[in-house]
Number of protein chains: 2
Amino acid sequence: MASIKDVAAEAGVSVATVSRALNGHPSVSPAARARVLAAVETLGYRPNAVARSLRTDQTRTLGLVISDVMNPYFTELARSVEEEARALGYSVIIGNADERPDLQDHHVTTLLDRRIDGLLVSPTDGGSPRMLEAARAGTPMVFVDRWIPGVDVPVVRSDGRAAVRDLVAHLHGLGHRRLAIIAGPAATTTGRERVDAFREALAAYGLPLPDAYIGQGDFQAGSGRRVTEGFLDLPEPPEVVFAADNLMALGALDAVRARGLRVPEDIGLAAFDDIPWFLHTGPPVTAIAQPTRDLGRAAVRALVERIAGRAGASVTLPARLVVRRSCGEPDGTTPHQSPSPVRRSTP
Amino acid sequence: MASIKDVAAEAGVSVATVSRALNGHPSVSPAARARVLAAVETLGYRPNAVARSLRTDQTRTLGLVISDVMNPYFTELARSVEEEARALGYSVIIGNADERPDLQDHHVTTLLDRRIDGLLVSPTDGGSPRMLEAARAGTPMVFVDRWIPGVDVPVVRSDGRAAVRDLVAHLHGLGHRRLAIIAGPAATTTGRERVDAFREALAAYGLPLPDAYIGQGDFQAGSGRRVTEGFLDLPEPPEVVFAADNLMALGALDAVRARGLRVPEDIGLAAFDDIPWFLHTGPPVTAIAQPTRDLGRAAVRALVERIAGRAGASVTLPARLVVRRSCGEPDGTTPHQSPSPVRRSTP
DNA sequence: ATCCTCCGTGTAATCGATTCCACGAGGAGG
DNA sequence: CCTCCTCGTGGAATCGATTACACGGAGGAT
């Protein structure tokens, strides 16, 4: 592979001039610039990003450590992150933690070793020593979706509280009273928050959330299935199950079908995170949609701010309820009064 | 960030000794090694991968350029590629081409600039100049899923021919005669092959594949929807639509629902690529499943062989038909005789 | 006792870029 | 005509690692 020296030799100038010509430095004569460009062309020269990074101490690369690539929500997030980063001249290296703290650590370490300019993390757990250390050491960092309390890092996330209230109002309006939740891991903020929001919303209607109606999941399909089976085995099963993410909702659907039961006739289902497939399941699933694209964009912008040495503000965007048929057929009128916008979506 | 010099100073040895101690070089005294390790510990030193890459001319990084990250098939592929690469001590940088040749080119260029050790590509088109140039220049490269004819690069892919025959046999057994296909882009090998396989299989039953029953899609949901609408507008619409990938099947489902029609009563649907969601759609979709995990693994192994300077053989793995309910209810007996294994899957 | 070998270590070159500093030529101003 | 500044350019240091080569000392063979 041709190096800058080869280009210099071909153009009959020094490497300094080649570098300047290629980086748009003002004091290069038009003649020299032209010769350099011609040499670059004939040799098919491309600057070595590794060497450049070593010298300039910046890689123009962002690291993104997400909890689970197979989860469509995170896939979409990753995609929007990459898009925005590309627009800003950065590349993105994605690390898939698969909801495993050890893997998350592995990726954080690898990315730091590669001297990425900034790190975007959706933490799987309460924060590994390596990550906390990185945050303290001053690595530009931003949390997306999930975060770790007590760490001075901007957080870009979606607030589902209002949407969960809308969901409970919707369910209440449909006549449902026994509502259960498949929770995410308590080690994650989203795992805790969604349960809290659900409990609060229920309380507003004077409904209880008994322990038997809180199933402990891990944001993966298998746990959704197991928890739902547990619910169905209860002497008094819930009328509706609310899954704290889309994968656990999928597992719940599995469990219901495996018993030969139907949604929503035998049991209702709602999910946090809306994904394209929910339109096509039998029946279409009522879900809480996050503004995923905007979250990705905002996260990258905040991170780039941090890299530039500025503050980089936290951002919280509202989620919204998307009503479909999985909790029972609405009767055609608004099922509840709510100040926040509720989109009715029927395929 | 602490560098090797700091470690050397702290341990009271030279940088050469530090490097040797850290890389397991035999001629380092136990005493020196211990002092180095202690210094590394107190300073929290981590080797700078950028500097190492520059010197050793290897990044221990693989590039993966895929056609569309939002497609669950490619997501799973990416995941298995990363897993196998990690097991072999490599990192993976994923580039999402979004079925756009220009984006594909952008990623290939960026990855090459970063001096990745090898490139895994699922080409979006017939091969951009940049990619062909890279292949010729001797960059270790392997095609996965799709490939470009006439280029001397190993191909790791799945052969769906037998499975497509099984599918047509299944459809024929159910009494269907008017079969249509939503094809992928003719610029891709998978786009062409699946149509060819379908046509051949039909011919074996004396069935025609009229031009009106070949819809041109682009592997994205929108095109599946448009093409299906076209089929439904035909004076004699097909009895079954076979989508050449899962996203176009999703679009087809959309189109059918939008008309208020039902699958499979009004029109049957089958898809190439099986994904978890097909179990949960209404109705569950009959699909051709590729051994995605194995493909990813094999691709990485072939690429690593190439990097090591060895040949790196092409691999072709068979796909298999997974019968569900979207083409009509099987009557409970084997719908056809087939030498290859057919799994019956009902949720 | 002497010489050779081997072991542990350090010095310095190197990878491919960027960038500080110096230098020569040419133009402007006195 | 001399001085000073500006502009374009080249030489060389630098980033942080790896590694060839040199060297001193210890131990074994004769």
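Throughout, protein chains are lettered first and strands after them, A, B, ... in sequence-line order, and every chain is numbered starting at 1.
Looking at B:Arg100 and B:Asp98, no side-chain N of the basic residue comes within less than 4.0 Å of a carboxylate O on the acidic one, giving no salt bridge. Ion pairing between a basic and an acidic side chain is recognised when a charged N comes within 4.0 Å of a carboxylate O; A:Glu76 and A:Arg293 show no such pairing. Using a 4.0 Å cut-off between charged nitrogen and carboxylate oxygen, A:Arg35 and A:Glu10 do not count as a salt-bridge pair. Taking a cutoff of 4.0 Å between a charged side-chain nitrogen and a carboxylate oxygen, A:Asp113 and B:Arg46 qualify as a salt bridge.
Of the candidate nucleotides C:dT9, D:dA17, C:dT19, D:dA17 has the atom lying nearest to any side-chain atom of B:Tyr45. In this structure, of D:dC21, D:dG16, C:dT19, it is D:dG16 that holds the atom nearest to the side chain of B:Ile4. Considering only the side chain of A:Asn48, C:dG16 comes nearest among C:dG10, C:dG16, C:dT14. Minimum atom distance to the side chain of B:Arg20 is reached by D:dT19, of the listed C:dT18, D:dT19, D:dG11. For B:Val13, counting side-chain heavy atoms from C-beta on, the closest listed nucleotide (C:dG10, D:dG11, C:dT9) is C:dG10.
When rounded to the nearest whole Å, the span between CG of B:Leu22 and P of D:dG16 equals 16 Å. Summarising the geometry, the separation between CG on A:Asp57 and P on C:dA17 is reported as 18 Å, rounded to the nearest angstrom. The nearest whole Å value for the distance from the CZ atom in B:Arg46 to the C1' atom in D:dG16 is 15 Å. Atom C1' of nucleotide D:dT9 and atom CZ of A:Arg33 are separated by 13 Å, given to the nearest angstrom. Distance, B:Arg52 CZ to C:dG16 P: 18 Å, rounded to whole Å. One interatomic measurement links the two molecules: NE2 of B:His25 to C1' of C:dG10, which rounds to 14 Å at whole-angstrom precision. Per the geometry, CG belonging to B:Asp6 stands 11 Å off P belonging to D:dC15, to the nearest Å. Per the geometry, CZ belonging to A:Arg114 stands 18 Å off P belonging to D:dG16, to the nearest Å.
Here A:Ser3 lies in heavy-atom contact (under 4.0 Å) with sugar-phosphate atoms only. Using a 4.0 Å heavy-atom distance criterion, A:Asn23 is classed as a sugar-phosphate-only contact. Within 4.0 Å of B:Val28, counting heavy atoms only, lie sugar-phosphate atoms of the nucleic acid but no base atom. At the heavy-atom level, B:Ser19 lies under 4.0 Å from base atoms of the strands shown. Within the 4.0 angstrom heavy-atom criterion, base atoms lie near A:Ser27. Across all strands, A:Ala32 comes closer than 4.0 Å only to sugar-phosphate atoms, never to a base (heavy-atom distances).
In terms of position along DNA chain C, the nucleotide closest to B:Gly12 lies nearer the 5' end than the nucleotide closest to the other residue of the pair B:Arg115 and B:Gly12. Place A:Ala16 and B:Val15 on DNA chain C by their nearest nucleotides, and B:Val15 ends up nearer the 5' end. Mapped onto DNA chain D by nearest heavy atom, B:Leu54 and B:Thr17 fall at different nucleotides, with B:Leu54 at the one closer to the 5' end.
More than 12 non-hydrogen atoms from other residues, nucleotides or ligands lie less than 6.0 angstrom from CG of A:Asp102.
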Test salt bridge (charged side-chain N to carboxylate O under 4.0 Å, His left out) on A:Arg301 and A:Glu305; report intermediate values, then the result. CA-CA 6 Å; A:Arg301 281 200 291 257; A:Glu305 282 293 293; over 6 Å; no
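Note on B:Ser29: a side-chain N or O is less than 4.0 Å away from OP1 or OP2 of C:dT9.
With hydrogens and angles ignored, a donor-acceptor pair closer than 3.5 Å exists between the side chain of B:Arg55 and the base of C:dT14.
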